[in-house]
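Along the sequence shown, the residues carry numbers beginning at 1.
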Amino acid sequence: MLPRSPWRTRGAARLIVAAVAALVLAAAVPAAAEPSDQPGGTSGVLDSRALDELQRRAAEVQGELQAQQVEVVAARDALTQAEQAVADAQKVVDAAQGELSGYQRVVAGYASALYRDGGSLTPLTLLLSGGDPGDVLSAMGFLDVVDAHAADVIGAAEAMRQAALVEQQRATAALEQARVRKDEVAGRVAELEAAAQAVTEELDAALGDVDRQLAQLQLEQVDVNGRTAANWKAYVDQLTAAGVVPPPAAQLANAPAGLPAGLVPVAAAGGGAQRGAAQLPRQPTSLLVLPAETLTAVTTAMSALGRPYAPGTAGPESWDCGSLVQSAYGAAGISLPATQADLFAVTTPVEAAADVLPGDLVFLGNPEAGLGHVGIALDPRTMLAADGRAGAVVVRTLPADQVLGIGRPSLGQRAPVPAPGPTGGALRMECGNTVYPASYDGARAWGGYPNGLIPPSAMCSLGVAGHSLRCDAAAAYRAMSAAFATAFGAPICITDSYRTYASQVRLYGQKPSLAAVPGTSNHGWGLAVDLCGGIDHYGTAPYAWMKANAGRFGFLHPDWAEPGNGREEPWHWEYAGT
């Protein structure tokens, strides 16, 4: 997979014409360790029957639970409304009773004022008192009026109380119906939960199969990385053994004129000679000679193999695709930008894809998403890159149908040109991975795995109490936590990270009206964390730091968790890339 030119020579003065596709070492990598067509060497697991069955069973149970979730929410809301109606009715009854009691106290007090000698004032007592007959008649009429008015007032208050009691009975009956409905829904949920728990055994078995496949493919990827690095070292050793002192880029920039003694040009696919490279004529094959800067850059990049990918980071523990290229060539004294778009904009292009040489930058993408990746070519079939989907710096197949351009840093920089961007509303891609906007609230499916059923081998530890995330998210989290520790003297406090399907089932069983339906939690993608230590409260210094800095590491606080948006969760943060 690494450079050695097999072009035969018949004299140093003659231009050697050959295909660049032949630039491979004699000691080729065995087919079993060839890089996969997918990043990270994981394509085989995506086509496995075990994964197909895993997805089918998970989708089946998830669909049933989601359908029932509508009933769960409706029953909960109906019960809440019924409870509120009963409470409101009780308030009305209490108010009516209070009003009736008030009227009764007033009437009793008035009557008490008219009592004389321990008895009440009546028409008989008026006659026996011997008063004026006119006064007696007036007093009797007054008593009739008082009695009639009191009866009317108390009767009206009693009618209000009776109406309130009827409404209370109605509300109580509705509450009982709501409770019955809630119990019925809870019973159906319990049945579905039992089904979900039962199917988790099947899912765990299938997940075990997938994990074993993935682990094997990852071992193969490690083997590919190791063999590639060994082949590169063997090539550099060949140059040393042949007495070749790699010339500086300036001496190879104007081939065929002015090449160092003993070297001849490398043929271009369209005729003529390639700039920025030469070869040493030998039998049976010529030896490719690259600029010293290119050799240093590729050697530096090889040392990063296996390191995690994390957007916005620039080594040495983790990289993104642009920063890896910048750092590798920076070690060789060539200053380059740090993003895939800026690299595309200024790197001098190689016109024909067939002319790709080791150390060239390969820009990948598609018409919809535009530019989506940059890596360092090792030969016409292979590239080295910090890959977003693989979550690591890997050696991977160079997909010819995705090549948007090839650039050669050793030739200097061109006047900047715009990099191809997304069209038709497509999401952009960065380092081979889709970048979601901060307001994105859809399912962040990745790697072909179902939610909560991601193989352990595809996850990476956060280094805290068994917590894990997708590898790029994990690397970004560790970098963010280190920055947080610099500001506050301690790393980020975390309570929750990746949540398996089984744990989602358990949580749903405990809180069916509040917890996400199993298979839909953001935690199930390995891209969400719940934090503590002050971050779990709005307005604190740690929370303010996260709001100001988390975006630099690809983490965001989703819109739905913001104050006033219905579900206030200051502790919940999600990884969405940069």
Side-chain angles (χ1 to χ4, degrees), residues 3 20 23 246-255 266 268-270 272-278 288 290-302 304 311 314-315 319-366 369-388 393 396 398-400 402-421 428-432:
V20 177
L23 295 175
Q251 293 185 14
L252 301 180
N254 297 310
V266 174
Q274 289 206 55
R275 298 173 58 219
L288 179 67
L290 297 169
E293 293 89 338
T294 300
L295 293 175
T296 297
V298 176
T299 300
T300 300
M302 289 284 177
W319 303 89
D320 69 17
C321 57
S323 68
L324 178 63
V325 169
Q326 181 192 51
S327 178
Y329 272 94
I334 296 178
S335 178
L336 293 177
T339 69
Q340 62 184 27
D342 290 342
L343 286 165
F344 182 94
V346 301
T347 304
T348 298
V350 173
E351 297 302 331
D355 287 341
V356 65
L357 294 175
D360 287 349
L361 303 189
V362 183
F363 298 96
L364 306 180
N366 59 61
L371 177 64
H373 208 344
V374 63
I376 299 174
L378 301 177
D379 60 40
R381 299 182 301 109
T382 312
M383 63 183 281
L384 183 156
D387 194 277
V393 180
R396 55 160 291 181
L398 198 166
Q402 297 177 26
V403 175
L404 296 183
I406 298 170
R408 190 162 294 166
S410 64
L411 296 179
Q413 297 185 4
R414 63 176 171 179
V417 299
R428 71 183 182 89
M429 298 187 70
E430 186 76 25
C431 302

Do L361 and I376 have side chains that get closer than 4.5 Å, going by heavy atoms? yes

Residues forming a side-chain hydrogen bond (donor to acceptor under 3.5 Å, both in side chains) with T299, sequence neighbours excluded: W232

Compare every heavy atom of A249 with every heavy atom of P291, then report the nearest pair and how far apart it is. CB-CA, 3.7 Å

Could you list all the salt bridge (Lys or Arg N to Asp or Glu O under 4.0 Å) pairs where at least one residue sits in residues 402-414, not counting sequence neighbours? D360-R408

Do L324 and L384 pass the side-chain contact (heavy atoms from CB on, under 4.5 Å) test, and can you show the C-alpha distance, the side-chain angles, and the key distance before you say yes or no? CA-CA 10 Å; L324 178 63; L384 183 156; 3.8 Å; yes

At their closest point, which heavy atom of V362 faces which heavy atom of A377, and how far apart are they? CG2-CB, 3.6 Å

Can you give each donor-acceptor pair under 3.5 Å made by side-chain atoms of residues 328-345, sequence neighbours left out, with the distance rounded to 0.1 Å?
{"residue": "Y329", "atom": "OH", "partner": "G359", "partner atom": "O", "Å": "2.4"}
{"residue": "T339", "atom": "OG1", "partner": "D342", "partner atom": "N", "Å": "3.2"}
{"residue": "T339", "atom": "OG1", "partner": "D342", "partner atom": "OD2", "Å": "3.2"}
{"residue": "Q340", "atom": "OE1", "partner": "H373", "partner atom": "N", "Å": "3.3"}
{"residue": "Q340", "atom": "OE1", "partner": "C431", "partner atom": "N", "Å": "3.1"}
{"residue": "Q340", "atom": "NE2", "partner": "L371", "partner atom": "O", "Å": "3.4"}
{"residue": "Q340", "atom": "NE2", "partner": "M429", "partner atom": "O", "Å": "2.9"}
{"residue": "Q340", "atom": "NE2", "partner": "E430", "partner atom": "OE1", "Å": "3.4"}

Taken in chain and number order and not counting sequence neighbours, the residues that satisfy side chain to side chain contact (heavy atoms under 4.5 Å, CB included) with A314 are S323

Rounded to the nearest 0.5 Å, what's the gap from CG on N254 to CZ on R275? Could you check? 6.0 Å

Is a side-chain donor or acceptor of D355 paired with a backbone partner of A268 at a separation under 3.5 angstrom? no

Shortest non-hydrogen separation from L288 to P358 and the atoms involved: CD2-CD, 3.9 Å

Does the side chain of L378 reach to within under 4.5 Å of the side chain of M302, using non-hydrogen atoms? yes

Do L364 and V374 come close enough that some side-chain heavy atom pair is under 4.5 Å? no

Minimal non-hydrogen separation, A386 against C321, with atom names: O-CB, 3.4 Å

CD1 (I406) and OG1 (T348) are apart, to the nearest 0.5 Å, by 13.5 Å

For L357 and A277 the tightest heavy-atom approach is CD1-CB, 3.4 Å

Between atom CD of Q274 and atom CG of L252, what is the distance when rounded to the nearest 0.5 Å? 11.5 Å

Would you say that V325 contacts P409 through its side chain, given a criterion of any heavy-atom pair below 4.5 Å between the two side chains? no

Taking side chain to side chain contact (heavy atoms under 4.5 Å, CB included) as the definition, give me every residue that meets it alongside E351, ordered by chain and number, with sequence neighbours left out. P349

